[in-house]
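Contents: one structure, followed by commentary.
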Amino acid sequence: MNQKQSGNNGGHMQKVTILGFDLALSSAITGIMDILSMAGVTWNFWQHQPTTPRFQVQLASVDGGPVRCLNKMQLEAHTRFDQVDSDHILVVPTIAGDIDVTLERNPELIETLYFFGSRGSLVVGNCTGVFLLAEAGLLNGKTATTHWAYVEQFKQRYPKVDLRPEQMITTAENVYCSGGGIAWLDMALYLTERFCGHDMAVRTSKSFVIDMGRTYQSSYSALRVRKMHRDEDILNVQNWLEEHCQEEIRIDDLAQRFNMSPRTLARRFKAATGDTPLGYLQTLRLENAKKLLEETSDNISQITMAVGYEDVSSFTKLFRQKTGLTPKDYRNKFQRRSLM
């Protein structure tokens, strides 16, 4: 592994290496390569200005051979892991296959991440690719994000990481993470802004017709039903809450219904689900509100009452706090539209 001192690029192209592996998501490799490679090119071309590429991007694999993505697409690598220099930004794409299998099959990748990350090279992970950064020990004591559907698995495997799954992007020293799915779009624009300035990022986002500045992925998440536990009493509580979440519920009454003290209910519920009864109830109500916003034309006041809240202002504030969007903005973004 080569070790060159990094520093101000003085206007030269910033070098980026995608660390490829089998069962990766192909678009998380080719997509970020496309956006970074075209920064300083596409917009300038359309404006009849000199084109000035700002990033030099390459794909590396453990042996320099092709990367076999989950969709059976094979991507030719430009180089091997051991030929990468430390002044490169290292990007880990999404794990599209089985996470445990991928972690087990890629010790060289994990070693490469540790080698460079522990020496200060900028390391970036997208979506479930963040598992590889955590496996390399680069995220202990640091903030991170990942796909909302894998939060529980990540927390169980890496309890020392300060996971912020509501965030689209997290930065902690020399380790950056982006959230689920195509959050590599957001990371590509973030890196463009970080190394080329805000104006360049805006031009790039306009060139690719991408929304810039998304900070939350909460609005995209769905309730992860936390029932993978063996506490039958708490399962009964969960089932009851799901059927009655629109009603007024007091924790004392809930505990009495299931023959527990409030303190015992709170302790066992937290141990089984990782959440409090009130937090779980709140999540159920917000999920119901999302569904009504997507599928009905009911106004916000009607939806507020339907899911168990009385004050529209308080509900709107809570909804925005949890999803990053107002109910109106959420409806505009996700409501089903009839096709003509």
Side-chain angles (χ1 to χ4, degrees), residues 13-39 41-42 53-85 88-99 101-103 105-113 116-117 121-136 138 144-147 149-150 168-169 175-192 194-195 204-205 207-210 217:
M13 286 193 291
Q14 176 65 50
K15 297 178 180 179
V16 179
T17 296
I18 314 292
L19 299 178
F21 52 89
D22 291 347
L23 302 182
L25 184 69
S26 60
S27 61
I29 298 174
T30 60
I32 198 168
M33 292 181 76
D34 284 341
I35 293 177
L36 294 181
S37 296
M38 299 304 286
V41 176
T42 306
R54 302 302 298 269
F55 293 93
Q56 179 181 326
V57 192
Q58 64 178 5
L59 174 62
S61 65
V62 62
D63 57 2
V67 176
R68 301 169 180 82
C69 300
L70 185 70
N71 61 3
K72 299 183 180 179
M73 178 182 290
Q74 294 193 33
L75 303 177
E76 294 296 329
H78 302 98
T79 189
R80 305 190 308 263
F81 290 167
D82 60 7
Q83 294 177 321
V84 177
D85 294 327
H88 289 210
I89 300 171
L90 304 181
V91 178
V92 181
T94 304
I95 298 173
D98 185 277
I99 291 176
V101 170
T102 302
L103 295 175
R105 291 181 179 177
N106 288 277
E108 298 90 351
L109 173 55
I110 294 167
E111 179 184 352
T112 299
L113 289 171
F116 285 113
S121 297
L122 179 56
V123 179
V124 177
N126 182 71
C127 190
T128 48
V130 174
F131 277 75
L132 286 157
L133 274 61
E135 193 73 13
L138 301 183
T145 188
T146 189
H147 194 292
Y150 295 91
M168 191 68 76
I169 289 178
V175 184
Y176 296 177
C177 303
S178 48
I182 60 169
W184 51 263
L185 288 168
D186 303 271
M187 182 57 74
L189 292 177
Y190 184 85
L191 292 174
T192 302
R194 165 73 175 77
F195 288 95
T204 303
S205 72
S207 298
F208 283 90
V209 197
I210 305 169
Q217 63 171 342

Roughly how far, to the nearest 0.5 Å, is the [atom2] atom of [Y] from the [atom1] atom of [X]?
X      : Y      : atom1 : atom2 : value
Glu76  : His78  : CD    : NE2   : 9.0 Å
Leu90  : Phe81  : CG    : CZ    : 9.5 Å
Met187 : Tyr176 : CE    : OH    : 8.0 Å

Contact check, side chains of [X] and [Y], non-hydrogen atoms, under 4.5 Å:
X      : Y      : value
Cys69  : Val67  : yes
Val16  : Val91  : yes
Ile95  : Leu132 : yes
Val84  : Thr112 : no
Val175 : Leu133 : yes
Leu75  : Ile29  : yes
Gln14  : Ile89  : yes

| field | Asn126 and Ser178 side chains, donor-acceptor separation under 3.5 Å | value |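 Side-chain D/A pair, Ser178 to Asn126: present.
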| said: The criterion is side chain to side chain contact (heavy atoms under 4.5 Å, CB included); which residues satisfy it with Thr192, sequence neighbours excluded? | reply: Leu36, Ala39, Phe55, Cys196, Met200, Ala201, Thr204
| Partners of Met38 by side chain to side chain contact (heavy atoms under 4.5 Å, CB included), sequence neighbours excluded? |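 Here the qualifying residues are Val41, Thr42, Phe208.
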| task | Name all residues meeting the salt bridge (Lys or Arg N to Asp or Glu O under 4.0 Å) criterion together with Arg80; count only those two or more places apart in sequence or in a different chain, and write none if there are none. | result |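 If we apply the salt bridge (Lys or Arg N to Asp or Glu O under 4.0 Å) test to Arg80, skipping adjacent residues, the hits are Asp82.
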Please tabulate, one pair per line, all N/O donor-acceptor pairs under 3.5 Å involving side-chain atoms of residues 17-27, not counting sequence neighbours.
unit_1: Thr17; atom_1: OG1; unit_2: Gln58; atom_2: NE2; d: 2.9
unit_1: Thr17; atom_1: OG1; unit_2: His88; atom_2: ND1; d: 2.7
unit_1: Asp22; atom_1: OD1; unit_2: Arg68; atom_2: N; d: 3.0
unit_1: Ser26; atom_1: OG; unit_2: Asn71; atom_2: ND2; d: 2.9

| request: Mind jotting down which residue pairs meet the side chain to side chain donor-acceptor pair (under 3.5 Å) criterion with at least one end in residues 29-38? Sequence neighbours excluded, please. | output: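 Applying side chain to side chain donor-acceptor pair (under 3.5 Å) to every pair that reaches into residues 29-38, excluding sequence neighbours, yields nothing.
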| field | side chain to side chain donor-acceptor pair (under 3.5 Å) involving Ser121 - partner list, sequence neighbours excluded | value |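 So Ser121 forms no side chain to side chain donor-acceptor pair (under 3.5 Å) with any residue.
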